[in-house]
Amino acid sequence: MLVLGIETSCDETGIALYDTERGLVADALHSQIDLHVEFGGVVPELASRDHIRKTLPMIRQLMAEANIDKNAIDGIAYTAGPGLIGALLVGASLGRSLAMAWNVPAVGVHHMEGHLLAPMLEDNPPEFPFVALLVSGGHTQLVEVKQLGDYTLLGESLDDAAGEAFDKAAKMLGLPYPGGPQIARLAKSGVVGRFDFPRPMVNRPGLDFSFSGLKTFTKNTIAKCVSEDGLNEQTKADIACAFEEAVVSTLAIKCKRALKQTGLKRLIIAGGVSANQRLREALEVMTAAQRSQVFYARPEYCTDNGAMIALAGALRLEAGHVEALEVKVKPRWPLEDLEKLA
């Protein structure tokens with residue numbers, strides 16, 4: 001089954017072709033970072049308009065470059081939520097229209113299910129069941145994954161997501177948007193141990209997260225440094241290092257708890273923050289000590305992309321998932337509300 005995937009949930013336009021026998025055939029991605037950087041964050045209206053300009057030309061170009069004719073397409077998958085409603089409607093409307101024109105089925109994919117399945121794009125994919133850490137700018141969740149669509153939420157952020165906290169900390173340090181990669185880059189030259197940042201909610205039971213207090217601690221630390229000795233580049237790097245280490249340590253502690261609680265031996269990490277090298281290193285050490293395994297996608301498939309949507313859609317269509325011919329998106333969509341499929 002050859003599936004065309006369309007991702008337009010936020011500020012990236014992703015297009016991909018995934019074959020259930022051959023794997024990923026081709027993919028393309030257009031980022032809107034340059035469009036939003038002057039505003040320090042995503043402007044929904046600008047994002048939607050850019051998706052309108054880019055999505056159909058990208059589909060045409062990708063199919064031409066892959067030498068794939070429309071008659072070879074067996075199904076279409078598009079991101080139906082969660083995300084920005086205007087951006088979601090672009091991909092959903094186009095996906096549904098093409099499906100009706102080409103007389104093939106279409107399926108709306110949950111954006112976080114796409115992320116959750118992204119490690120399956122790799123040569124050594126994880127098998128069900130496993131624990132998933134979904135960590136991005138909008139979500140920080142621990143999920144028990146029994147089978148495709150069979151998800152149990154174990155814990156989530158009660159306020160800021162980890163990626164959001166990275167972006168806000170970067171802004172406090174005067175770093176450009178998006179902040180996560182900037183913090184990670186700066187942290188490499190930081191002195192470990194100069195600052196000791198708290199690990200939020202690790203001293204209480206449960207698997208929920210909270211990063212708002214860490215954000216406040218960062219703000220206060222910066223203000224103290226400014227008032228005492230000034231905020232030079234080395235101090236910025238030391239703060240970035242301490243902040244990154246606090247987030248990574250917190251995530252690793254909670255992942256260890258989740259593995260113990262579920263009794264599972266496989267952990268996957270997905271979402272934009274899963275590209276963080278320090279996080280990967282910490283989870284590899286933790287899982288090795290627990291005699292478990294950790295899986296993740298290559299960096300280009302950690303952020304939003306069409307490949308993960310094409311994969312998720314192909315698996316659902318292959319499992320018999322069918323939907324009515326209507327354009328329907330869900331800006332808010334709990335992962336546990338998904339239909340369970342074998």
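Quick note: residue numbers are just sequence positions, from 1. Since this is a predicted model, take the numbers as computed values, not measurements.
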Pairs in or reaching into [range]: which pass side-chain hydrogen bond (donor to acceptor under 3.5 Å, both in side chains), with residues at least two apart or in two chains?
range: residues 307-326; result: R96-E323, E113-R316, R316-H321, H321-E323
range: residues 298-308; result: D27-Y301, H111-D304, H115-D304, E122-R298
range: residues 270-286; result: E244-N276, E245-R278, E284-Y296

So T250 and R199, do their side chains get closer than 4.5 Å, heavy atoms only? yes
For residues D50 and H30, determine if any side-chain heavy atom of one lies less than 4.5 Å from a side-chain heavy atom of the other. yes
Interatomic distance, NZ@K254 vs CG@L207, rounded to 0.5 Å, equals 6.0 Å
Atom OG1 in T79, atom CD1 in I309: separation rounded to 0.5 Å? 3.5 Å
Those residues that, when tested against [X], pass side chain to side chain contact (heavy atoms under 4.5 Å, CB included) (two or more places apart):
X: I239; result: L173, F195, F197, T218, T221, I222, C225, L231, T235
X: P331; result: I85
X: P129; result: L264, R266
X: P105; result: L317

Indicate the ring-plane relationship of H110 and W333, choosing parallel, tilted or perpendicular according to the 30° and 60° boundaries. tilted
Show every donor-acceptor pair shorter than 3.5 Å between a side-chain atom in residues 174-184 and any protein atom, with sequence neighbours excluded, or say none if there are none.
{"unit_1": "Y177", "atom_1": "OH", "unit_2": "D11", "atom_2": "OD2", "d": "3.4"}
{"unit_1": "Q182", "atom_1": "OE1", "unit_2": "R185", "atom_2": "NH1", "d": "3.1"}

Tell me whether Q290 contacts the main-chain N or O of K256 through its side chain, where contact means a donor paired with an acceptor under 3.5 Å. no
Residue pairs meeting salt bridge (Lys or Arg N to Asp or Glu O under 4.0 Å), one or both in residues 202-224, sequence neighbours left out, come to D160-K215
How does the hydrophobic cluster around V322 look, that is, which other residues are in it when side-chain heavy atoms under 4.5 Å mark a link? none
Other hydrophobic cluster members with I15, side-chain heavy atoms of Ile/Leu/Val/Met/Phe/Trp/Tyr under 4.5 Å, chained? L2, L4, I6, L17, V25, L56, M58, I59, L62, M63, I68, I73, I76, Y78, L94, L98, W102, V104
Which residue in the set K265, M286, R291 passes side chain to side chain contact (heavy atoms under 4.5 Å, CB included) when paired with L259? M286
Donor-acceptor pairs under 3.5 Å, side chain of residues 134-145 to any protein atom, not counting sequence neighbours: which ones?
{"unit_1": "S136", "atom_1": "OG", "unit_2": "G138", "atom_2": "N", "d": "3.4"}
{"unit_1": "S136", "atom_1": "OG", "unit_2": "H139", "atom_2": "N", "d": "3.2"}
{"unit_1": "T140", "atom_1": "OG1", "unit_2": "A162", "atom_2": "N", "d": "2.8"}

